[in-house]
A.B. asks: 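I have a structure here, written as structure tokens, and I will follow up with some questions on it.
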Amino acid sequence: MNREQELLVAAEEKKKQNAVNIAKDPYYPLYHIASPVGLINDPNGWIHWKGTYHLFFQWNPFETSHGSKFWGHVTSTDLVHWKEAPIALAPSESFEKDGCYSGSAIGVDNKLYLFYTGNVKNNNERESYQCIAVSEDGFQFKKLGNVLDVPSGYTAHFRDPKVWKQGEDYYMVIGAQTLKEEGCVLLYHSKTLMEWENLGVLADGFGYMWECPDFFTLQGKDILLFSPQGLEADGIHYQNTFQSGYFIGDWQVGTNQYIHNSFQELDHGFDFYAPQTTEDDKGRRLLVAWMGMTDGFEHLHPTLDYNWIHQLTIPRELSIKGNKLIQSPVEELTLLRAGKVLDAIVEGQSEAKLARASEWIFYPEGKGAFAIELFNYFKIVYNQMEKTVTIYRDRLDGQGTESRTAIVENSIKEVRAFVDHSSIELFINDGEVTFTSRIFPKLDQNNMQIDGNGKMIIWNLEK
Ligand code: FRU
């Protein structure tokens, strides 16, 4: 067996061994993509190719910590039911020995190409290579090796290529760090996919590293999505260890001229990072993110007892309203609705039962304040005077509760939630403001407490 086969066999074996644990863990999600064993993080290579959605993800099958990453792979035809596919990339070669890091996919001439970063670390010295792998069937990939080195003036924190085609040309955005340790996104151009010309800095200005850039046109505007590291918390902003957000602007195609407005955070929950988008055959711009973060609390996740950690978000459809990106749950998610368990007018204080895999929508009456608490653990509070929504959850380290707050400019017409055993994704006004979080309520809790007037609908979800 060569090194690649050895790694693939060992990883598949780990997954098989852990299936009993996964089946037992009450926090394992029903309908989210989650790690079968070990740790997963960023979505990668997200593409609708030949009628099938392919989603890859960063995966360390051997430990529940960050390490030498593989590319795991799942496929779907409806964005709701996902099928496991064979591992796409294993870090077997010298130019990627410490991880096949994040990247993207592009279909060209009936072939599927993956672009990813080969990560190498020797005695804490990092090297980065931008690599290609190609497939005829979308499942078996052949590595073509490195096509792009770190340019001069930049450190080896140079990674996460996102490639797309525009007219007859290919472009790539990539996360980078200058020798002065300032984060930015560089833009590259190619005619062949194999040779790349540096067009310069597309955007920069804050933070020490920008990870996982994505660049696309939506409703005539050019959006740069990225995950900057090194932003200081500022009031209700930038409360997580690392951020994910975007610029809306106008790009002069073929150049690095990009005029944009200021940085806005994409999500306001505790766990949201490294989002990636793709355009599907229906012309929708679809986003998936990692529902996690590399931070000081990973070692406290209770799922470590079952030898897995982290999951991805549900797919969301993007649109622009005013100067904001809106994230709406894809319509296919209604396929999960197994039965309506409540459809009622609520007034003052009321209670309902809530299953651990459920969807609910609250339509507040008028413009009144409200508060909703789930499982005696997670709370949503709307303050209509301040136009803020605040979420609360118990801290993983047992030191009380923690909160996140966002401003909701328009009056709240709808709060929609997707609950899945250890996560909640909240969409206010169909995604004008979102909060994405992991939750680990006590297992005997099944209560929802509502304080406010309006209409509540709850569905149990099944796959
Ligand atoms: C973002 C990130 C990427 C990198 C990958 C490694 O979470 O740090 O920049 O490619 O994770 O797993």
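The basis for the numbers below is simple: all heavy atoms, side chains too, and nothing from hydrogens, waters or symmetry mates.
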A.B. asks: Who are the salt bridge (Lys or Arg N to Asp or Glu O under 4.0 Å) partners of E211, not counting sequence neighbours?
C.D. replies: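 Expected list: R159.
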
A.B. asks: Tell me every residue that passes salt bridge (Lys or Arg N to Asp or Glu O under 4.0 Å) with E402, counting only those two or more places apart in sequence or in another chain.
C.D. replies: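 Counting only residues at least two positions away or on another chain, E402 forms a salt bridge (Lys or Arg N to Asp or Glu O under 4.0 Å) with R393.
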
A.B. asks: Can you find a heavy atom in the side chain of I174 that is under 4.5 Å from one in the side chain of Q130?
C.D. replies: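 Yes - at least one pair of side-chain heavy atoms lies under 4.5 Å apart.
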
A.B. asks: In chain order, what residues pass the ring pair (Phe, Tyr, Trp, His ring centres under 6.0 Å) check against W308, with sequence neighbours excluded?
C.D. replies: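 Result, ring pair (Phe, Tyr, Trp, His ring centres under 6.0 Å) vs W308: Y28.
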
A.B. asks: In terms of side-chain geometry, is the basic nitrogen of D280 or K282 positioned less than 4.0 Å from the acidic oxygen of its partner?
C.D. replies: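 Answer for the salt bridge query: no.
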
A.B. asks: Under a plain distance cut-off of 3.5 Å, with no hydrogens placed, do E425 and H32 share a side-chain donor-acceptor pair?
C.D. replies: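 The criterion, which ignores hydrogens and geometry beyond distance, is satisfied for E425 and H32.
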
A.B. asks: Any side-chain heavy atom of I457 within less than 4.5 Å of one from L342?
C.D. replies: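 Sidechains of L342 and I457: no contact.
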
A.B. asks: Show me the pairs that pass ring-ring contact (aromatic ring centres under 6.0 Å, His included) and involve residues 382-420, at least two apart or across chains.
C.D. replies: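 ring-ring contact (aromatic ring centres under 6.0 Å, His included) check on residues 382-420 returns F370-Y382.
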
A.B. asks: Table please: side-chain donor-acceptor pairs of residues 263-270 below 3.5 Å, with sequence neighbours left out.
C.D. replies:
residue, atom, partner, partner atom, Å
Q264, NE2, N323, O, 2.7
E265, OE1, Y238, N, 3.0
D267, OD1, G269, N, 2.8
D267, OD1, T436, N, 2.9
D267, OD2, T434, OG1, 2.6
D267, OD2, T436, OG1, 2.7

A.B. asks: Within a strict 4.5 Å, meaning less than it, do heavy atoms of the L286 and E317 side chains meet?
C.D. replies: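 They are in contact (side-chain heavy atoms under 4.5 Å apart), so the answer is yes.
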
A.B. asks: What I want to check is whether the side chains of Q276 and N44 have a donor and an acceptor closer together than 3.5 Å.
C.D. replies: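 Absent: no donor and acceptor within the cut-off.
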
A.B. asks: Name all residues meeting the salt bridge (Lys or Arg N to Asp or Glu O under 4.0 Å) criterion together with D214; count only those two or more places apart in sequence or in a different chain, and write none if there are none.
C.D. replies: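 Once residues adjacent in sequence are excluded, the partners of D214 under the salt bridge (Lys or Arg N to Asp or Glu O under 4.0 Å) criterion are K162.
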
A.B. asks: So, using ring pair (Phe, Tyr, Trp, His ring centres under 6.0 Å) as the criterion, who are the partners of H260 when residues are at least two apart?
C.D. replies: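 Listed in chain order: F247, Y258.
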
A.B. asks: Ring centroids only, cut at 6.0 angstrom: are W251 and F215 within range, meaning strictly under it?
C.D. replies: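 Here the rings of F215 and W251 have centres that are less than 6.0 Å from each other.
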
A.B. asks: What residues form a salt bridge (Lys or Arg N to Asp or Glu O under 4.0 Å) with K221, not counting sequence neighbours?
C.D. replies: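 In terms of salt bridge (Lys or Arg N to Asp or Glu O under 4.0 Å), with neighbours along the sequence ignored, K221 is linked to D250.
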
A.B. asks: Can you see whether E298 engages H310 through a side-chain donor-acceptor pair at a distance of less than 3.5 angstrom?
C.D. replies: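 Per modelled atom types, E298 and H310 side chains form a pair under 3.5 Å.
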
A.B. asks: With sequence neighbours left out, which residue pairs that include part of residues 436-463 fulfil the ring-ring contact (aromatic ring centres under 6.0 Å, His included) condition?
C.D. replies: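 Applying ring-ring contact (aromatic ring centres under 6.0 Å, His included) to every pair that reaches into residues 436-463, excluding sequence neighbours, yields Y27-F440, H301-F440.
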
A.B. asks: Of all residues at least two apart in sequence or in a different chain, which pass the ring pair (Phe, Tyr, Trp, His ring centres under 6.0 Å) check with Y208?
C.D. replies: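 Y208 satisfies ring pair (Phe, Tyr, Trp, His ring centres under 6.0 Å) with no other residue.
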
A.B. asks: For F70, check ring pair (Phe, Tyr, Trp, His ring centres under 6.0 Å) against everything at least two apart and list the hits.
C.D. replies: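 F70 satisfies ring pair (Phe, Tyr, Trp, His ring centres under 6.0 Å) with F62 only.
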
A.B. asks: Only pairs at least two apart or in different chains count here, so list each salt bridge (Lys or Arg N to Asp or Glu O under 4.0 Å) that has a residue in residues 445-463.
C.D. replies: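 Non-adjacent pairs meeting salt bridge (Lys or Arg N to Asp or Glu O under 4.0 Å): D343-K455.
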
A.B. asks: Is any side-chain heavy atom of V173 less than 4.5 Å from a side-chain heavy atom of W164?
C.D. replies: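 The answer is yes, as the side chains (C-beta and beyond) meet within the 4.5 Å cut-off.
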
